[in-house]
Every structure is written in C-alpha cells, then in structure tokens.
*Asks:* 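Dropping a structure here in structure tokens format, bear with me for questions.
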Amino acid sequence: MDGNGRWANERRHTRVWGHIRGARVVNEIVRSASEINLKALTLYAFSTENWNRPKEEVQTLFRLLKKFLIREGENIVANNVQFKMIGDISHLNEETKNLIKKIESESSDCDGLKLNFAFSYGGRREIVDAVNSFVAQNPGKPLTEDIISSRMYRPDAGDVDLMIRSGGDQRISNFMLWESNYAELFFTATKWPDFTSKEFVQIIDEVAKRERRFGALSKSANIKQEGNNAEKEKMEAISHGN
C-alpha cells in the first residue's frame, strides 16, 4: 500500500498525514474484496525494513493499526472475515497485541475472506522462520517444498494469484517471496490514498484475462504443436511409402 508519504508531500503536508488518509482506504478495499468473494487478501502495512523510517512516522503507523483494530474488530466478525496478523508483533504494546489476539480468536470460525495484515513482515524472514521451525522439530530430516509451504505464516491462504503495488514503484520489496512464485504482478501509479475499490476490481478483472501457464505451453501453442506432430507423422508415412 505504497505512496502515502509522496501523496502527502505533493500537498505540502507531512508524511504522517498521508498515512492517516491512506488508512481510510483499507476499509473500502477489505469490504470490496469480501463482496466479490476473494479467497484471501493480504495488506502489506509495515515491513521489516520500515523500522529505518523516522520514529514519528513509525509511531503513527502503530497508532493507526490500533485504531483500525478497535474500529473494525466487530465489523470483521460481522462480515464473516477471518483475520490474522502475519509478521513479528513483539514490538507492539500489550494492548495492541491483545486486540490482535482477540480479533483472531473471535474470527477464527469465519469462513469468508481470509484477511491478513502483514506488519513488521519480511518475505525472507518468513522463509527462514519456516525452515527453522521444521529443523528444530525434525533434526536431520530433509525439507521439501510442501513442508516449507505448510510452515508459512498463513498456509491456508494458499499461493498468491495477484500482487498489486500502488504508488508507481515496480518491485515486490521482500513481500511474500515464497507464495508469489507464480503470482501475476500489477503496478499502478495511483498512490494509496487515491486508490479506490473501483480500480481494485478493474485490476482484478483485467488480470483475470491473462493466460496463466505456470511454466507450461499456452493452449494455442499446444494446438500448434499437435498440428506439427500430425504433419510430421504424415511426412514420415509418405517417405516410407505408406
């Protein structure tokens, strides 16, 4: 959810103001994702690298997270959304950590949208944690891709189908590296405070038209290959006098 700071600077406000405005967009996008029956939505709110930002900005993000949890906790459950925080929340205050545990517990039986908040999250860190947790419990045993996948922070959400980045930058910035092995990528110049549910749905509809091959040939290529094989067999038959 990128572009908050630049959006604010363009309007001669502090970066903090951009985060406050951007927080309002979260509700709209979560509601839209639930309405169109997405399986899962993960919002990258704060990365492990974001700790290098100014202290005031970091504290503002913490306060916004707490306000979101207080304001939206009941709505999450009421709308059948299953909430989970992924990342290292050890630096949050006890009140915020208790709010997270409360909402995760109360929404655990919801079977609608799986909503993940990535906070103090890093894709490399997630992979390391997955490997270490298995090795600690199974010393000497070999790892497999399935085992690592099962040890991710939210394995039941599955792999990422579509990764959207707002704000104009075209990189994935250490986000869900394992789960995004075959994700479709979409980069929009729209900064997060200006991002709307309309654009969100339009992006999903546009990407849904892409042909996802997962390393295989496309359908048209398969048809062409079958045609080439048939022609080859015909020529071989002619050359052998059949």
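Reckoned from all heavy atoms, side chains included, excluding hydrogens, waters and symmetry mates. Counting begins at 1 with the first residue of the sequence.
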*Asks:* Look only at the side chain of Ser133 and the backbone of Ala130, and say whether a donor-acceptor pair between them is shorter than 3.5 Å.
*Replies:*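 Such a contact is found between Ser133 side chain and Ala130 backbone.
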*Asks:* If we ignore hydrogens and angles and just use 3.5 Å, is the side chain of Glu28 paired with the main-chain N or O of Ser197 as donor and acceptor?
*Replies:*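 Flag set: sc Glu28 to bb Ser197 pair under 3.5 Å.
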*Asks:* Identify the two heavy atoms, one from Gly73 and one from Ile103, that lie closest to each other, and give their separation to 0.1 Å.
*Replies:*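 Shortest heavy-atom contact: CA-CD1, 3.7 Å.
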*Asks:* Would you check if there is a donor-acceptor pair between the side chains of Arg63 and Thr60 at a distance under 3.5 Å?
*Replies:*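 Looking only at side-chain atoms, Arg63 and Thr60 do form a donor-acceptor pair, the distance falling under 3.5 Å.
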*Asks:* How far does CD1 of Ile164 sit from CZ of Phe187, to the nearest 0.5 angstrom?
*Replies:*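 The CZ atom of Phe187 is 11.0 Å from CD1 of Ile164, to the nearest 0.5 Å.
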*Asks:* What verdict does the salt bridge (Lys or Arg N to Asp or Glu O under 4.0 Å) test give for Arg125 and Asp129, after you've listed the backbone C-alpha separation in whole Å, the side-chain angles of each residue and the deciding distance to 0.1 Å?
*Replies:* CA-CA 6 Å; Arg125 174 69 179 272; Asp129 285 349; 3.3 Å; yes
*Asks:* Between CZ of Arg21 and CG of Asn4, what distance do you get to the nearest 0.5 Å?
*Replies:*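 It is 10.5 Å, given to the nearest 0.5 Å.
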*Asks:* So does Arg15 have more than 12 non-hydrogen atoms from other groups sitting under 6.0 Å from CZ?
*Replies:*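 Atom CZ in Arg15 is packed in, count exceeds 12.
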*Asks:* Do Asn27 and Arg71 have side-chain heavy atoms sitting under 4.5 Å apart?
*Replies:*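 Counting from C-beta outward, Asn27 and Arg71 do come under 4.5 Å.
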*Asks:* Under 3.5 Å, is there a donor on one side chain and an acceptor on the other for Asn50 and Ser47?
*Replies:*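 Yes, a side-chain donor-acceptor pair sits under 3.5 Å.
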*Asks:* Got a donor-acceptor contact below 3.5 angstrom from the Arg210 side chain to the Glu206 backbone?
*Replies:*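 Not a single qualifying donor-acceptor pair exists.
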*Asks:* Check the hydrophobic clustering (I, L, V, M, F, W, Y; side-chain heavy atoms under 4.5 Å; chains of links allowed) and say if Met163 and Ile29 are grouped together.
*Replies:*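 Different clusters.
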*Asks:* With heavy-atom distances below 4.5 Å as the criterion, would you say the side chains of Val201 and Ile203 are in contact?
*Replies:*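 Heavy-atom side-chain distance check fails, nothing below 4.5 Å.
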*Asks:* Do side-chain atoms of Asn93 reach the backbone of Thr96 as a donor and acceptor pair under 3.5 angstrom?
*Replies:*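 Side chain of Asn93 to backbone of Thr96: a pair is present.
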*Asks:* So which atom in Ser149 and which in Trp178 form the shortest heavy-atom distance, rounded to 0.1 Å?
*Replies:*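 So the two residues come closest at OG-NE1, 2.9 Å.
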*Asks:* Evaluate whether atom NZ of Lys102 has more than 12 neighbouring non-hydrogen atoms of other residues, nucleotides or ligands under 6.0 angstrom away.
*Replies:*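 Count not over threshold, so no.
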*Asks:* Check whether any side-chain heavy atom of Asn9 lies under 4.5 Å from a side-chain heavy atom of Thr14, and answer yes or no.
*Replies:*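 No - every pair of side-chain heavy atoms lies 4.5 Å or more apart.
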*Asks:* Would you say the side chain of Met85 lies within less than 4.5 Å of the side chain of Glu104, judging by non-hydrogen atoms?
*Replies:*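 Side chain of Glu104 against side chain of Met85, heavy atoms only: contact under 4.5 Å found.
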*Asks:* Would you please test Asp88 and Ser90 for side-chain hydrogen bond (donor to acceptor under 3.5 Å, both in side chains) and show each step?
*Replies:* CA-CA 6 Å; Asp88 179 11; Ser90 62; 2.7 Å; yes
*Asks:* Any sub-3.5 Å donor-acceptor pair from Asn80's side-chain atoms to Asp111's backbone N or O?
*Replies:*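 It does hold such a pair.
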*Asks:* Fit a plane to each ring of Phe175 and Tyr121, take the angle between them on a 0 to 90° scale, and name the class: parallel (under 30°), tilted (30 to 60°) or perpendicular (over 60°).
*Replies:*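 Perpendicular.
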*Asks:* Do Val25 and Ile76 sit in the same hydrophobic cluster, where Ile, Leu, Val, Met, Phe, Trp and Tyr count as joined when their side-chain heavy atoms come under 4.5 Å apart?
*Replies:*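 Yes, Val25 and Ile76 fall within the same hydrophobic cluster.
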*Asks:* Is the Phe117 ring parallel, tilted or perpendicular to the Phe83 ring (thresholds 30°, 60°)?
*Replies:*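 The rings of Phe117 and Phe83 sit tilted, inter-plane angle from 30° to 60°.
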*Asks:* Contact between Trp192 and Val26 at the side-chain level, heavy atoms closer than 4.5 Å - yes or no?
*Replies:*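 A side-chain contact under 4.5 Å exists here.
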*Asks:* Under 3.5 Å, is there a donor-acceptor pair between the side chain of Thr196 and the main chain of Glu199?
*Replies:*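 Flag set: sc Thr196 to bb Glu199 pair under 3.5 Å.
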*Asks:* Supply the atom-to-atom distance Ser34 OG to Leu115 CG, rounded to the nearest 0.5 angstrom.
*Replies:*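 Between Ser34 OG and Leu115 CG, I get 9.5 Å after rounding to 0.5 Å.
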*Asks:* Hey, could you give me the CG/CD1 distance between Leu69 and Ile100, rounded to the nearest 0.5 Å?
*Replies:*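 It comes to 5.5 Å.
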*Asks:* Could you tell me whether the side chain of Ile148 reaches within less than 4.5 Å of the side chain of Phe134, counting heavy atoms only?
*Replies:*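 Phe134 does not reach Ile148 side chain to side chain.
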*Asks:* If you measure from OG on Ser107 to CG on Asn79, what distance do you get to the nearest 0.5 Å?
*Replies:*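 Reported value, rounded in 0.5 Å steps: 11.5 Å.
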*Asks:* Please tell me whether Asn75 and Glu72 have a donor and an acceptor in their side chains that are separated by less than 3.5 angstrom.
*Replies:*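 The answer is yes; a qualifying pair exists.
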*Asks:* Above 12 or not: heavy atoms from other molecules or residues under 6.0 Å from CD of Glu145?
*Replies:*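 No - once you tally the heavy atoms of other residues, nucleotides and ligands closer than 6.0 Å, there are 12 at most.
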*Asks:* Do Val58 and Leu61 have side chains that get closer than 4.5 Å, going by heavy atoms?
*Replies:*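 Side chain of Val58 against side chain of Leu61, heavy atoms only: no contact under 4.5 Å found.
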*Asks:* Could Asp169 and Arg165 be called an ion pair, given the rule that one side-chain N must be under 4.0 Å from one carboxylate O?
*Replies:*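 Arg165 and Asp169: salt-bridged.
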*Asks:* Is the closest side-chain heavy-atom distance between Asp156 and Gln82 below 4.5 Å?
*Replies:*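 The answer is yes, as the side chains (C-beta and beyond) meet within the 4.5 Å cut-off.
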*Asks:* Quick one: does any side-chain atom of Arg151 pair with a main-chain N or O of Val131 as donor and acceptor, under 3.5 Å?
*Replies:*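 Answer holds: no.
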*Asks:* How close do Trp7 and Arg11 get, counting heavy atoms only, and between which atoms?
*Replies:*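 Closest approach of Trp7 to Arg11: O-NH1, 2.9 Å.
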*Asks:* Does the pair Arg212/Asp161 count as a salt bridge with the N-to-O cut at 4.0 Å?
*Replies:*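 Judged by the 4.0 Å cut-off on N to carboxylate O distance, Arg212 and Asp161 do form a salt bridge.
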*Asks:* Does the distance from a Lys or Arg side-chain N to an Asp or Glu carboxylate O, for Lys191 and Asp2, drop under 4.0 Å?
*Replies:*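 Salt bridge absent between Lys191 and Asp2.
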*Asks:* If the test is ring pair (Phe, Tyr, Trp, His ring centres under 6.0 Å), which one of Phe46, Tyr44, Phe68, Tyr153 qualifies with Phe119?
*Replies:*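 Exactly one candidate clears the test, Phe46.
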*Asks:* Under a 3.5 Å cutoff, is there a donor and acceptor pairing between the side chains of Thr48 and Arg124?
*Replies:*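 The criterion, which ignores hydrogens and geometry beyond distance, is not satisfied for Arg124 and Thr48.
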*Asks:* To the nearest 0.5 Å, tell me how far Ser166 OG sits from Asp194 CG.
*Replies:*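 Interatomic distance, Ser166 OG to Asp194 CG, rounded to 0.5 Å: 10.0 Å.
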